[in-house]
Amino acid sequence: MKKLAVALASAMMLMPSLAFANGSSEKTPPQSGPVQLTLWHRWSGANADYLKQVVDAFEAKHPDIEITVVAKPGEYIQLLQAMVADLAAGNNPPDMFVGGYNMLNYVANELEPTQLKDLAPSPEALNELKSRFDESVYNITNIDGRQIGLPFALSNMINYVNMDIFRAAGLTEADIPQTWDDVFRVGKIIKEKTGKYGIAIQLPDTWADCSLIYSAGGTIKTADGKKVDLTNQGAIDALTMWQNLVKEGIAPIETDAESESNFAAGNLAMRPTTIMKINGYKSQATFDLKTAKLPSFAGRTNKLAAGGSAIISFSKDKAKKDAVWKFMDFIASKEGMTIFTKTGYLCVTKDDVPKSEYQLPAYEQEPLAIMWPNWPGGSESMEIERLYLDARGRIVLQGAPVRETLQKLEADCNKLL
């Protein structure tokens, strides 16, 4: 992974010479047939199918536009790494890229995305589109005054609960934890009565970490956003709590993929992760599945990182830009959102779309949303992400001392900056 991060950072040094093959000209070359767009995303399974339904519905309304959908399943940072490597190889950037909220600073400052104001046919059209969003949601993609994309997918972390395990342990819905202290109490009962683990928090990226750290009153960077700050008490408290879940036998020592499989198989009582996974869990579960709000730290109100992604465009010629704008206009419509929110993601616009009972805790938590914090730096941010995840793995799964590990991590990250 370190070699990959270094290679990608080196690739970024070549970016000025790549000059994106789409070019910066407003001229549209003569062409016959529909305008061809590409759309890159990270989803698989049902979520990829629902995205394809959105594209199909759009193309039915716009036969003059065809969208080639490219799926690269994985996490958002892996999708970004794939695009950077593709650019370094001399290829065109995608016309549309489903970029995670956690790497928007990097995209804005390193990859020259086309701003919404340059896609919109008029200021009036841009203002009308903006009016469909709550300002806090719309501004997720505003980086230093530049609206680099359109919010598309929105999620927060909820707690999935296997009620069959709860009942086997003599517990009821009233025992579903509201605080992390409750998690320890309930988790010990479940382990004693059933022999099963109580909980496994998702691991792949910093999304869960940021929700826990900020909910505990902490941060991951200094107030000016220029340095990493991981030695604050909130960060220490959050990671200490997470480590203690493992130390006390409430959470297993296993990979995220193993936790996914164990929850689906009915061997894990609680799984705090994204609402986006609801369709997968529903299709796999042979037990009574419930969803609940994420537990909080005693005496504190949760601050939950807004998960999900934006549609970001790299198109430069006018025909493609016009086509991208039409697609953005469609996905931000009630029809587009009604289709896409079947994934489990929340509606990003003000439209009232159908909601399942499983989504309700996530919708109730929407007022607690904060922007998914981005690491400082440009290309350095991807290396910081790697360093953090490695250190967090050692803290949570290997019992490394929390304060000392975070002190060294903070120093190593800030050396990069």
Side-chain angles (χ1 to χ4, degrees), residues 8-9 11-29 31 34-43 51 54-55 58 62 65-72 74 76-121 125-126 129 138 140-153 308-332 374 378-379 381-382:
L8 291 174
M12 287 310 307
M13 297 175 65
L14 300 175
M15 283 298 152
S17 64
L18 293 178
F20 288 171
N22 277 356
S24 60
S25 173
E26 290 289 327
K27 296 179 181 179
T28 304
Q31 63 180 55
V35 177
Q36 302 290 326
L37 299 178
T38 52
L39 170 63
W40 281 31
H41 71 90
R42 53 147 290 205
W43 295 305
L51 176 63
V54 173
V55 171
F58 170 77
H62 299 276
I65 301 170
E66 290 183 355
I67 300 175
T68 299
V69 179
V70 179
K72 293 184 177 290
Y76 287 116
I77 191 168
Q78 293 167 328
L79 179 66
L80 178 60
Q81 288 170 336
M83 185 179 72
V84 171
D86 202 55
L87 293 173
N91 297 313
N92 287 345
D95 298 294
M96 293 181 288
F97 178 79
V98 184
Y101 297 139
N102 59 323
M103 299 302 291
L104 292 184
N105 281 341
Y106 179 89
V107 173
N109 296 320
E110 303 286 347
L111 300 183
E112 301 177 19
T114 301
Q115 295 184 53
L116 256 60
K117 68 180 180 63
D118 297 322
L119 294 169
L126 181 61
L129 183 70
Y138 185 78
I140 289 175
T141 54
N142 189 300
I143 306 298
D144 299 327
R146 294 168 290 163
Q147 198 73 28
I148 67 163
L150 189 72
F152 179 43
S309 50
I311 298 288
I312 301 167
S313 179
F314 298 98
S315 294
K316 303 300 179 184
D317 76 77
K318 190 169 189 312
K320 284 180 175 283
K321 285 163 62 176
D322 289 347
V324 167
W325 174 262
K326 290 176 181 177
F327 184 70
M328 288 186 172
D329 181 68
F330 178 74
I331 64 172
N374 287 211
S379 58
S381 64
M382 286 200 283

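As the structure is a computational prediction, the values presented were derived from the model and not from experiment.
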Treating [X] as the side-chain partner and [Y] as the backbone partner, does any N or O pair qualify as donor plus acceptor under 3.5 Å?
X	Y	value
Asn374	Asn102	yes
Gln147	Tyr138	yes
Lys321	Asp118	yes

[Y] and [X], any side-chain heavy atoms less than 4.5 Å apart:
X	Y	answer
Met96	Phe152	no
Ile65	Phe327	no
Asn92	Phe314	no
Met328	Leu116	yes
Ile143	Gln115	no

I need the [X] [atom1] to [Y] [atom2] distance, nearest 0.5 Å.
X	Y	atom1	atom2	value
Asp95	Ile312	CG	CD1	13.5 Å
Leu51	Ile331	CG	CD1	9.0 Å
Gln81	Asp86	CD	CG	13.5 Å
Ile311	His41	CD1	NE2	10.0 Å
Met103	Leu111	CE	CG	9.5 Å
Leu150	Ile140	CG	CD1	10.5 Å

Review point. Is the closest side-chain donor-acceptor distance between Glu66 and Gln36 under 3.5 Å?
Key: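 Yes, a side-chain donor-acceptor pair sits under 3.5 Å.
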Check your understanding: Per the side chain to side chain contact (heavy atoms under 4.5 Å, CB included) rule, which among Leu79, Thr141, Val98 passes with Ser309?
Key -> Val98
For a quick test of reading the model, state the closest non-hydrogen atom pair linking [X] to [Y] and the distance between them.
X	Y	value
Ala82	Lys72	CB-CD, 3.9 Å
Pro94	Thr38	CA-OG1, 3.3 Å
Trp43	Ala71	O-CB, 4.0 Å
Leu39	Phe97	CD1-N, 4.4 Å
Gly378	Glu110	CA-OE2, 3.3 Å
Ser381	Tyr106	OG-CD1, 3.8 Å

Check your understanding: Under a 4.0 Å N-O cut-off, is there an ion pair linking Lys326 with Asp322?
Key -> no
